[in-house]
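Below is one structure; the comments refer to it alone.
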Amino acid sequence: MITPNQTMGSTDHESIQNAIALAKETGANEITIPKRNERTGKELWVIEDAILLPDDMKITVDGAHLMQADGVFCNMFVTENYGTNNGKEQKNITITGKNGAILDGGTYNGLCEGNSNKNGMPHISKNTMLLFYHATGVEVSSLKIINQRWWAITNIFVTHSKFSDLEFQADFSRVDENGVHHPDEQPQTYAEVYVKNADGIDLRVGCHHIEIENISGFTEDDTVALTALKGTLNWAPAIEGLDLDIHHVTIRNVVSNPYCCANLRLLCAEGTKIYEVLAENIKDLRKEHTYSTASVKIGDMGYSTQYATPEDVHHITVRNVDSRAPYGVMVSNGLGDSLIESVTGTGAPFGIGGQGTLNNVTVRLT
């Protein structure tokens with residue numbers, strides 16, 4: 001068993017990267033990050049730079065607590081091909097936890113969508129904790145992910161992969177009108193949310209044949225989001241020969257409290273498509289409506305002038321939704337050849353937004 005305690009560097013990041021390199025050199029293709037960090041004598045691994053993931057690599061986080069360092073702008077884990085423009089598809093990357101493993105965003109660094117690429121700040125993609133790009137055979141499981149600085153897990157052109165048994169606990173502290181952080185106070189309005197848009201799992205353009213199951217916890221924004229949006233390509237280059245659509249995705253057992261937005265969101269625009277999606281057993285744990293229109297949100301009013309049509313979003317099955325939002329399922333753009341059934345909760349079970357257009361959609365609410 002190869003561990004970073006055997007390959008110590010000058011930082012914890014370097015120790016882990018050295019262990020990965022040794023695993024590749026020896027053909028072991030697997031490392032274990034244990035609870036105790038022998039370099040520091042602490043039960044904590046502080047990550048100061050992104051850990052690059054090669055092909056055919058399994059990382060087991062065995063009771064360890066990995067936390068991003070204060071003030072850094074980097075992913076915790078990222079496929080090594082990201083940003084290289086070499087067109088290489090990576091394969092068979094696993095990050096799995098056991099014995100209470102934790103990935104921790106640590107202290108928020110102030111980078112947000114509003115200041116992304118402005119005033120010396122890097123792009124907001126640096127704040128996604130796990131970033132997988134043009135990869136197949138990715139598996140992430142059995143982890144508690146806390147204090148994410150933006151989206152916790154981002155996937156772009158990722159296929160034939162699985163994400164399961166993940167618990168999220170996003171930061172939910174308050175910042176006042178003067179920018180002063182109050183870590184022991186909860187926000188009373190959306191403007192007071194300190195870390196905004198802290199999603200759980202995001203599938204972006206080009207993702208297909210994905211399984212997502214057994215997802216829980218608190219996310220400040222969407223818990224699971226399927227968003228085939230071309231704006232992604234501003235920070236993740238398109239791959240020649242690959243389409244931008246999201247399809248053949250199964251989502252099961254999402255039991256979460258999303259403060260803003262939805263337990264599950266599906267969104268495409270400007271000609272991209274989402275199809276062949278099964279989502280079942282979605283339970284909304286929020287105590288009040290907060291800033292969400294629906295537990296399951298399909299489309300988005302006002303996002304684009306070229307709205308998705310029923311030919312763009314089709315063959316979607318949503319069943320067994322227990323909602324605490326104003327609507328259990330809301331369709332705000334086009335939806336075709338789909339089934340929505342068994343939706344209950346405190347609000348209306350089903351609604352159609354301003355741009356919502358249905359074509360051959362069956363709705364059985366009970």
Side-chain angles (χ1 to χ4, degrees), residues 1-26 28-54 56-80 92-109 126-132 138-154 161-171 198 200-201 214-219:
M1 183 173 64
I2 296 173
T3 83
N5 285 330
Q6 300 168 277
T7 56
M8 289 185 195
S10 58
T11 65
D12 292 345
H13 154 264
E14 188 176 302
S15 297
I16 295 170
Q17 199 71 68
N18 289 345
I20 290 172
L22 179 61
K24 292 301 296 181
E25 290 170 8
T26 61
N29 291 334
E30 180 177 356
I31 73 165
T32 295
I33 304 175
K35 187 173 185 178
R36 181 174 171 80
N37 180 343
E38 297 293 347
R39 189 183 74 84
T40 62
K42 299 178 180 179
E43 294 182 350
L44 181 68
W45 300 82
V46 178
I47 309 304
E48 298 179 348
D49 200 357
I51 299 166
L52 304 181
L53 300 168
D56 302 307
M57 176 56 58
K58 179 178 180 180
I59 297 176
T60 300
V61 185
D62 186 359
H65 184 168
L66 277 64
M67 184 176 71
Q68 292 182 282
D70 293 352
V72 301
F73 300 97
C74 67
N75 314 115
M76 181 178 285
F77 290 99
V78 61
T79 46
E80 65 180 8
N92 303 334
I93 297 170
T94 298
I95 302 176
T96 188
K98 63 180 183 179
N99 298 323
I102 296 174
L103 306 185
D104 184 352
T107 302
Y108 180 50
N109 58 13
K126 293 291 186 181
N127 262 6
T128 188
M129 192 179 294
L130 282 72
L131 176 54
F132 300 101
V138 173
E139 293 191 25
V140 180
S141 65
S142 303
L143 292 165
K144 184 173 183 178
I145 299 177
I146 66 175
N147 299 321
Q148 58 263 40
R149 297 176 177 185
W150 189 49
W151 304 342
I153 304 174
T154 301
S161 297
K162 184 173 182 178
F163 304 86
S164 63
D165 302 293
L166 300 172
E167 177 185 352
F168 298 102
Q169 287 298 331
D171 181 284
I201 303 171
N214 303 333
I215 308 301
S216 64
F218 172 79
T219 54

- prompt: Would you say the side-chain atoms of Asn37 pair up with the backbone N or O of Lys42, donor to acceptor, closer than 3.5 Å?
  reply: no
Thr128 (side chain) donor-acceptor with Trp151 (main chain) under 3.5 angstrom: yes
- prompt: Is there side-chain contact between Asp12 and Pro4, with heavy atoms separated by less than 4.5 Å?
  reply: no
Short side-chain to backbone donor-acceptor contact, Trp45 and Pro34, under 3.5 Å: yes
task: Give a yes or no answer on whether the side chain of Asn109 reaches the backbone of Val72 with a donor-acceptor pair at less than 3.5 Å.
output: yes
Heavy-atom side-chain contact between Thr7 and Ile31 under 4.5 Å: no
- prompt: Going from CD1 on Ile153 to CG on Asn75, what distance comes out if it is rounded to the nearest 0.5 angstrom?
  reply: 12.5 Å
- prompt: Under 3.5 Å, is there a donor-acceptor pair linking the side chains of Ser141 and Ser164?
  reply: no
field: Test item: Leu52 and Val78 side chains (from C-beta on) under 4.5 Å apart, heavy atoms
entry: yes
NZ/Lys35: more than 12 non-hydrogen atoms of other groups inside 6.0 Å: no
message: I'd like to know whether Val61 forms a side-chain contact (heavy atoms from CB on, under 4.5 Å) with Thr96, so could you lay out the CA-CA distance, the side-chain angles of the two residues, the decisive distance to 0.1 Å, and finally the verdict.
response: CA-CA 6 Å; Val61 185; Thr96 188; over 6 Å; no
task: For the pair Arg39 (side chain) and Asn5 (backbone), establish whether a donor and an acceptor sit closer than 3.5 Å, ignoring hydrogens and angles.
output: no
query: Would you find a donor on one side and an acceptor on the other, under 3.5 Å apart, between the side chain of Ser161 and the backbone of Glu139?
result: no
query: Do the non-hydrogen side-chain atoms of Thr40 and Leu44 ever get within less than 4.5 Å of each other?
result: no
- prompt: Applying the side chain to side chain contact (heavy atoms under 4.5 Å, CB included) test to Met76, which of His13, Met129, Met67 qualifies?
  reply: Met129
statement: Taken to the nearest 0.5 Å, the spacing of Lys58 NZ from Thr60 OG1 works out to 4.5 Å
message: Using only atom types and a distance under 3.5 Å, with no angle test, would you say the side chain of Arg149 pairs donor to acceptor with the backbone of Thr107?
response: yes
query: Counting distance only, does the side-chain N/O of Gln148 pair as donor-acceptor with the main-chain N or O of Gly200 below 3.5 Å?
result: no
query: About how many Å separate CD of Gln68 and CG of Asp49, when rounded to the nearest 0.5 Å?
result: 10.5 Å
Worked verdict on Glu43 versus His65 for side-chain contact (heavy atoms from CB on, under 4.5 Å): CA-CA 7 Å; Glu43 294 182 350; His65 184 168; over 6 Å; no
- prompt: Rounded to the nearest 0.5 Å, how far does CZ of Phe168 lie from CD1 of Ile201?
  reply: 4.5 Å
query: Do the side chains of Phe77 and Leu66 get nearer than 4.5 Å, heavy atoms only?
result: yes
